[in-house]
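This report concerns only the one structure given below.
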Protein chains: 2
Amino acid sequence: MRRDIFQAIADPTRRAIITLIALQAMTPNAIAENFNTTRQAVSKHLRILTECELVQQEQQGREIYYSLQVEKMKEIDKWLDQFRALWETRFNQLDNVLSTLKKKKK
Amino acid sequence: MRRDIFQAIADPTRRAIITLIALQAMTPNAIAENFNTTRQAVSKHLRILTECELVQQEQQGREIYYSLQVEKMKEIDKWLDQFRALWETRFNQLDNVLSTLKKKKK
DNA sequence: TTTATGTGCAACTATTCGGTTTCGCAAGTT
DNA sequence: AACTTGCGAAACCGAATAGTTGCACATAAA
């Protein structure tokens with residue numbers, strides 16, 4: 001079981017769940033109403049999101065409210081950092097190709 | 001076949017490939033040397049990356065140089081935008097939970 | 001106490017995924 | 001022309017994935 005954040009956001013339904021609970025905590029039933037799947041399927045997604053700490057639970061009577069652990073999303077942002085420098089300069093990927101080819105040609 | 005950028009970066013090997021060719025175009029053989037897999041496996045990853053336009057090819061004789069289409073990475077950054085506001089303000093996810101619970105309690 | 005509701009978990013299924021092995025082909029080299 | 005090298009594609013395989021159905025259990029309402 002891999003269960004890292006990149007695998008977690010790979011699924012479109014999970015991304016939608018993340019967006020849904022980003023602003024307001026929601027119960028599995030309430031979340032499931034927004035998708036064409038069963039509550040159990042949503043529950044499975046929530047388990048995966050919980051396992052990689054993207055999501056938080058808060059029991060309230062017999063209901064469980066799920067909310068986004070927004071801090072965790074920074075990890076994706078952090079990974080993107082290494083590329084940010086590339087797309088922000090005038091030296092784009094085309095220049096890379098050309099310089100590499102030139103080098104190979106000698 | 002889903003083949004979107006989020007599914008593409010879900011695999012750790014593919015993320016490593018992306019990092020590897022971000023600065024310099026490389027051939028499949030050269031890329032494969034960095035991993036404990038066959039060249040064919042790398043070739044498959046490259047096909048997936050090419051299909052979602054994360055990667056560019058440049059034929060050079062019988063060699064094919066692959067390089068990162070860094071512009072495409074912005075799409076991930078763009079998706080993160082909706083959460084950036086959340087983690088940058090003092091209102092973090094704990095506040096969300098509390099305010100939601102307060103509302104429910106009436 | 002009985003019934004309804006909200007939930008997680010287990011078992012099963014079809015599909016996808018990442019990998020290997022084998023092959024064919026094109027481009028260089030001898 | 002024969003050989004080597006670099007590559008992609010196809011066939012196959014075991015594992016993981018996303019979904020379903022069915023169940024058990026706790027909480028709340030009747």
Side-chain angles (χ1 to χ4, degrees), chain A residues 1-18 20-21 24-67 97 100-101 104-106, chain B residues 1-18 20-21 24-67 97 100-101 104-106:
Chain A
M1 228 178 290
R2 209 162 48 203
R3 216 98 316 173
D4 64 85
I5 194 176
F6 291 99
Q7 189 258 341
I9 63 162
D11 184 80
T13 303
R14 278 198 291 271
R15 284 201 302 281
I17 290 175
I18 289 173
L20 208 54
I21 63 174
Q24 184 179 18
M26 290 174 76
T27 65
N29 265 323
I31 296 168
E33 281 172 12
N34 296 272
F35 302 101
N36 283 334
T37 61
T38 60
R39 176 194 56 80
Q40 284 89 338
V42 170
S43 199
K44 258 179 138 179
H45 284 305
L46 287 170
R47 189 155 73 93
I48 290 170
L49 293 171
T50 303
E51 275 170 13
C52 62
E53 298 172 302
L54 259 171
V55 146
Q56 233 179 359
Q57 306 180 26
E58 187 82 24
Q59 186 114 18
Q60 181 80 359
R62 70 184 160 187
E63 296 183 322
I64 301 177
Y65 283 85
Y66 285 88
S67 62
V97 177
T100 304
L101 293 180
K104 289 281 162 185
K105 258 179 187 161
K106 269 164 248 152
Chain B
M1 228 178 291
R2 210 162 47 203
R3 217 97 313 175
D4 64 85
I5 195 175
F6 291 99
Q7 190 256 343
I9 64 163
D11 184 79
T13 304
R14 277 198 291 270
R15 283 202 302 280
I17 291 176
I18 288 173
L20 207 55
I21 63 174
Q24 184 179 18
M26 291 175 74
T27 66
N29 264 321
I31 295 169
E33 281 171 13
N34 295 273
F35 303 100
N36 282 333
T37 61
T38 59
R39 175 193 56 79
Q40 285 88 341
V42 170
S43 199
K44 259 179 137 180
H45 284 306
L46 287 170
R47 190 157 72 93
I48 290 169
L49 292 171
T50 304
E51 275 171 11
C52 60
E53 298 173 303
L54 259 171
V55 146
Q56 234 179 359
Q57 306 180 24
E58 186 83 21
Q59 186 113 19
Q60 182 79 357
R62 69 183 160 189
E63 295 183 322
I64 301 177
Y65 284 86
Y66 286 88
S67 61
V97 177
T100 303
L101 293 180
K104 289 282 161 183
K105 259 181 187 159
K106 268 164 250 145

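Quick caveat, the model's predicted, so the values are computed rather than measured.
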How many Å lie between CD1 on B:Ile31 and P on C:dG19, as a whole number? 14 Å
In this structure, how many angstroms lie between the P atom of D:dG6 and the CD atom of B:Gln57, rounded? 17 Å
Can I get a per-line list of side-chain donor-acceptor pairs under 3.5 Å for residues 26-39 of chain A, giving both atom names and the distance, sequence neighbours left out?
{"residue": "A:Thr27", "atom": "OG1", "partner": "A:Ala30", "partner atom": "N", "Å": "3.2"}
{"residue": "A:Asn34", "atom": "ND2", "partner": "A:Ala30", "partner atom": "O", "Å": "2.9"}
{"residue": "A:Asn34", "atom": "ND2", "partner": "A:Ile31", "partner atom": "O", "Å": "3.3"}
{"residue": "A:Thr38", "atom": "OG1", "partner": "A:Ala41", "partner atom": "N", "Å": "3.2"}

Round to the nearest Å and state the distance from A:Leu46 atom CG to C:dT7 atom P. 10 Å
If I take atom CZ in residue B:Arg14 and atom P in nucleotide C:dC17, what distance separates them, rounded to the nearest angstrom? 8 Å
Can you find a side chain N or O atom of B:Arg47 that sits less than 4.0 Å from OP1 or OP2 on D:dA9? yes
Not counting sequence neighbours, which residues clear side chain to side chain contact (heavy atoms under 4.5 Å, CB included) with A:Ile64? List them please. A:Gln57, A:Gln59, A:Tyr66
What one should report as the nearest heavy-atom pair of B:Gln7 and B:Arg14 is O-NH2, 3.3 Å
Gap between atoms CD1 and P, on B:Ile64 and D:dC7 respectively (whole Å): 7 Å
Take atom CD of A:Glu51 and atom P of D:dA16, then tell me their distance rounded to the nearest Å. 14 Å
Could you tell me the separation between the CD atom of A:Glu51 and the CZ atom of A:Arg3, rounded to the nearest 0.5 Å? 5.0 Å
Under 4.0 angstrom between B:Asn29 side-chain N/O and D:dT5 OP1 or OP2: no
Quick one: list whatever passes side chain to side chain contact (heavy atoms under 4.5 Å, CB included) with B:Arg62, sequence neighbours left out. none
Non-hydrogen atoms of A:Leu54 and A:Ala8 that approach each other most closely: CD1-CB, 3.9 Å
When you check every protein heavy atom under 4.0 Å of nucleotides 19-30 of chain D, what one-letter string (B, S, -) results, 5' to 3'? BBBB----BS--
